[in-house]
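In what follows, every chain begins at residue 1, and chains take the letters A, B, ... in the order their sequences are listed. Excluded from the calculations below are hydrogen atoms, water molecules and symmetry mates; all remaining heavy atoms, backbone and side chain alike, are included.
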Number of protein chains: 2
Amino acid sequence: MDNKIPIPTIKRYPSYLRRLQSYQQKGMVNVSATYIANDLQLNPIQVRKDISLTGIEGKPKIGFAVDDLIESLTNSLGWNNTNDAILIGVGNLGRALMGYEGFSQNGFRIVGAFDKNPDIIGTEVNGITVMPLEKLEAYVIENRINLAIMTVPAKQAQTVAELLVKCGVIGIWNFAPVHIQLPEGIVVERTDLSSHFASLSEKMRRVMVDKKPGFRKGWL
Amino acid sequence: MDNKIPIPTIKRYPSYLRRLQSYQQKGMVNVSATYIANDLQLNPIQVRKDISLTGIEGKPKIGFAVDDLIESLTNSLGWNNTNDAILIGVGNLGRALMGYEGFSQNGFRIVGAFDKNPDIIGTEVNGITVMPLEKLEAYVIENRINLAIMTVPAKQAQTVAELLVKCGVIGIWNFAPVHIQLPEGIVVERTDLSSHFASLSEKMRRVMVDKKPGFRKGWL
DNA sequence: TAGATTGTTAATCGATTAACAATC
DNA sequence: TAGATTGTTAATCGATTAACAATC
C-alpha cells in the first residue's frame, strides 16, 4: 500500500520545505527539482526522486506548483496537524528548545516543562510554568502526551526515560549524551553533539590532508 | 596509506568512547566488541569492524584492553589534542553549548564568543566575556581560529558565515535552520533540529502503524 | 518545434551483515 | 581442549546516481 519513504529522504524534506516557503514569499508559482537542488547544493536526481516519493505530480518543463509541493511535503512529514510534547530538564538547552519558533512549523509544540530544581520550578519560560517532576506522571496521562524531549544530565536520562515510558510516552527525543535502553516499540531519537562534531572534525581533516597538503596541518 | 574511516563509523566512535570510559571507571581491564554492542544495542559485527578500523589489535576470546581502545578511538577521532573554537550568537542555544562540558573531551574548547546585541556584549558566560561582532575578524586572525560554531538567527547565518570564511575559518558548525553556500574547501556541518524531528516522528508513525494497528492512531 | 523537465527503471556505490578461518 | 572472539573476505542490502522514454 503506502510505500515507506526512506529515513534519509525524510530528513531532507524539512530543507526542501524551508526553501519552498521562501519561494512562496517571493511569489514564485512553479519550481523544478533542479532549481531546489541548486539552492541546496544537492544532486538534482536525488531531489526529483525525493519529491516523487510524496506522490505529487509535476509537469515536464514547468516543474511543481510551489503551493502543492509545500502541502505534499507537509503531509508526508505528518506535519499537517499539531501534536503536544513535554520537555524535561529546563537548563540552557531546554530553554533554547522551548524558545525555538521553528517547532510550531514542525507539527508540534511544547505544552509542558518539568524540572527537579526548586529554583527553576514555578518560573515561567516562554509562557510555560515549569512543573516539578512529581507532577509528570499525572500530566502525561491526563493530556495523553506521547512525545517527550529530554534535556537532562546524562546520569538521570535512563531513569527519566523509564518514567516517561511508564506514563505512556512512546517517543523520546534525547539530548543527553547517553544511550538509553528501553522496551521495543518505544522510539528514541538521539541528538548527539559529540557525534556531529566527530563528523565535522573528520571532514575538516580530510579537506586539509586531501586538498591543501601542509596547510594548517596539525591544527585540527 | 591511511584508509579513510567511513563517516557513519566516525559518528559511532563517541558512543563507544563514552561506554569505555564508564568501563574504565568500573575497573574493567578488557572488553569485547560483543560486550559494547550489547550495551549500545548495535550489531556486534558492526562494532567489531568499526574498532578494527582504528588499527588496534585485540586478543581472541579476551577482547581489547580498555585503556588501549580508548586511546585508539581518541586518536582516530583526532581528539588527542585540543583545538580552539569560537561561537557566534550568544542566545539560549549558544549559552547551552558554551556550558557543555562534554566538548572538552571532544578535543576542542570555545575560547571566544561574539554577539551583536549590546545587552549581551560585555557579559560573561562560562568565564568568557562576550565580544562585539566587530572584533571577530581581528580575533580569528590573531588566534588563528579555524573552527566556528554559529548559533545565530537564520537570516544572519549566510552573512556571518561569509565573514568567518573571509577571516580564515575552514570549519563551521551551523545550528541555524538554513543551508549556507560557501566556497569549496570549507566544511559546514549542520545540526538541523527539524531534520532530527522529522526522523523521529516518521519512526513513531511506523511503530504505530506497523506494530500497534489502531493504537493511538492519528495522534502523531 | 525543440528542449527542459518529469517519472521510472536499471546500474552503481558504499555501508552493513554474514561467513569462516585463525587463535588465545 | 573447547569455544568465544578476533580479523578479514564475501554477500547482501539499501540509498544514490545514471539512463532514457514520455511530455508539456
Side-chain angles (χ1 to χ4, degrees), chain A residues 2-13 15-16 19-20 23 28-70 72-73 76 195 198-199 202-203 206 210, chain B residues 2-13 15-16 19-20 23 28-70 72-73 76 195 198-199 202-203 206 210:
Chain A
D2 59 343
N3 282 339
K4 266 194 288 198
I5 298 173
I7 295 290
T9 294
I10 289 280
K11 285 189 164 176
R12 283 187 293 269
Y13 280 175
S15 290
Y16 299 169
R19 290 315 304 140
L20 285 160
Y23 302 152
M28 287 172 62
V29 177
N30 294 297
V31 72
S32 73
T34 319
Y35 192 90
I36 299 172
N38 264 339
D39 256 13
L40 296 172
Q41 294 172 301
L42 293 175
N43 185 332
I45 303 170
Q46 184 172 60
V47 176
R48 182 147 40 107
K49 185 137 206 180
D50 283 350
I51 289 174
S52 82
L53 287 169
T54 68
I56 196 178
E57 268 184 32
K59 285 180 189 159
K61 176 100 193 225
I62 291 165
F64 304 86
V66 171
D67 292 355
D68 293 353
L69 190 46
I70 288 177
S72 206
L73 286 166
S76 293
S195 171
S199 166
E202 168 66 16
K203 287 175 194 161
R206 286 186 190 176
D210 292 359
Chain B
D2 58 345
N3 282 339
K4 264 195 290 198
I5 298 173
I7 294 289
T9 294
I10 289 281
K11 284 188 165 177
R12 284 187 292 269
Y13 280 173
S15 291
Y16 299 169
R19 291 315 303 139
L20 285 160
Y23 302 151
M28 285 172 64
V29 178
N30 294 297
V31 72
S32 73
T34 319
Y35 191 91
I36 299 172
N38 263 338
D39 255 13
L40 296 172
Q41 294 172 302
L42 294 175
N43 184 331
I45 302 170
Q46 186 172 59
V47 176
R48 183 149 36 110
K49 185 138 204 179
D50 283 351
I51 288 175
S52 82
L53 287 169
T54 67
I56 196 178
E57 269 185 31
K59 286 180 188 161
K61 176 102 192 226
I62 290 164
F64 304 86
V66 172
D67 292 355
D68 293 353
L69 190 45
I70 288 177
S72 206
L73 286 166
S76 292
S195 171
S199 166
E202 169 66 16
K203 287 176 194 161
R206 286 185 190 176
D210 293 357

**Report entry** Separation of dA4(C) C1' from Ile62(A) CD1 (nearest whole Å)
**Finding:** 11 Å
**Report entry** Side-chain N,O (Asn43(A)) to OP1/OP2 (dT16(D)) below 4.0 Å
**Finding:** no
**Report entry** Straight-line distance of Ile10(B) CD1 to Arg12(B) CZ, nearest 0.5 Å
**Finding:** 10.0 Å
Report summary line: Side-chain atoms of Pro60(B) come closest, of dT16(C), dT6(D), dT23(D), to dT6(D)
Query raised in the report: Does dT16(D) have a Watson-Crick or wobble partner in any strand here, with both distances under 3.5 angstrom, and which is it?
Result: dA11(C)
Query raised in the report: Considering all heavy atoms of both residues, which atom of Tyr35(B) and which atom of Met28(B) are nearest to each other, and what is their separation?
Result: CE2-CE, 3.9 Å
Requested in this report: Mind calculating the distance between CG (Leu53(B)) and P (dT9(D)) to the nearest angstrom?
Outcome: 12 Å
Query - Nearest-nucleotide pick for Gln46(A), side chain only, options being dG7(C), dT17(D), dT17(C) - result: dT17(D)
Query raised in the report: Within this structure, what is the CD1-to-P distance between Ile56(A) and dT8(C), rounded to whole angstrom?
Result: 14 Å
Report summary line: Rounded to whole Å, the NZ-C1' distance (Lys11(B) to dG14(C)) equals 15 Å
Query - Sugar-phosphate only, base, or nothing, as touched by Lys61(A) at under 4.0 Å among non-hydrogen atoms - result: base
Report summary line: Of the candidates dT16(C), dC24(D), dG7(D), the side chain of Pro8(B) sits closest to dT16(C)
Query raised in the report: To the side chain of Pro6(B), which of dA10(D), dT17(D), dA15(C) is closest?
Result: dA15(C)
Query raised in the report: When the distance from CD1 of Ile45(A) to C1' of dT12(C) is rounded to whole Å, what number comes out?
Result: 12 Å
Query raised in the report: In whole Å, what is the span from the NZ atom of Lys49(B) to the P atom of dT17(C)?
Result: 11 Å
**Report entry** Residue Lys59(A), side-chain atoms from C-beta onward, closest of dT5(C), dC24(D), dA10(C)
**Finding:** dC24(D)
Report task. Please state how far atom CD1 in Ile36(A) lies from atom C1' in dT5(C), giving the value in whole angstrom units. Result -> 13 Å
Requested in this report: Report the distance from atom CG of Leu73(A) to atom CD1 of Ile51(A), rounding to the nearest 0.5 Å.
Outcome: 6.5 Å
Query raised in the report: Should dT23(D) form a Watson-Crick or G-U wobble pair with both distances under 3.5 Å, which nucleotide is its partner?
Result: dA4(C)
Query raised in the report: Side-chain N or O of Arg48(B) less than 4.0 angstrom from OP1 or OP2 on dC20(C)?
Result: no
Query raised in the report: For Tyr16(B) and Leu42(B), what are the C-alpha separation, side-chain angles and deciding distance, and is it a side chain to side chain contact (heavy atoms under 4.5 Å, CB included)?
Result: CA-CA 11 Å; Tyr16(B) 299 169; Leu42(B) 294 175; 3.8 Å; yes
Requested in this report: Whole angstrom is fine here: how far is it from CZ in Phe64(A) over to C1' in dA4(C)?
Outcome: 13 Å
**Report entry** Asp50(B) to Tyr13(B) - nearest heavy-atom pair and separation
**Finding:** O-OH, 2.7 Å
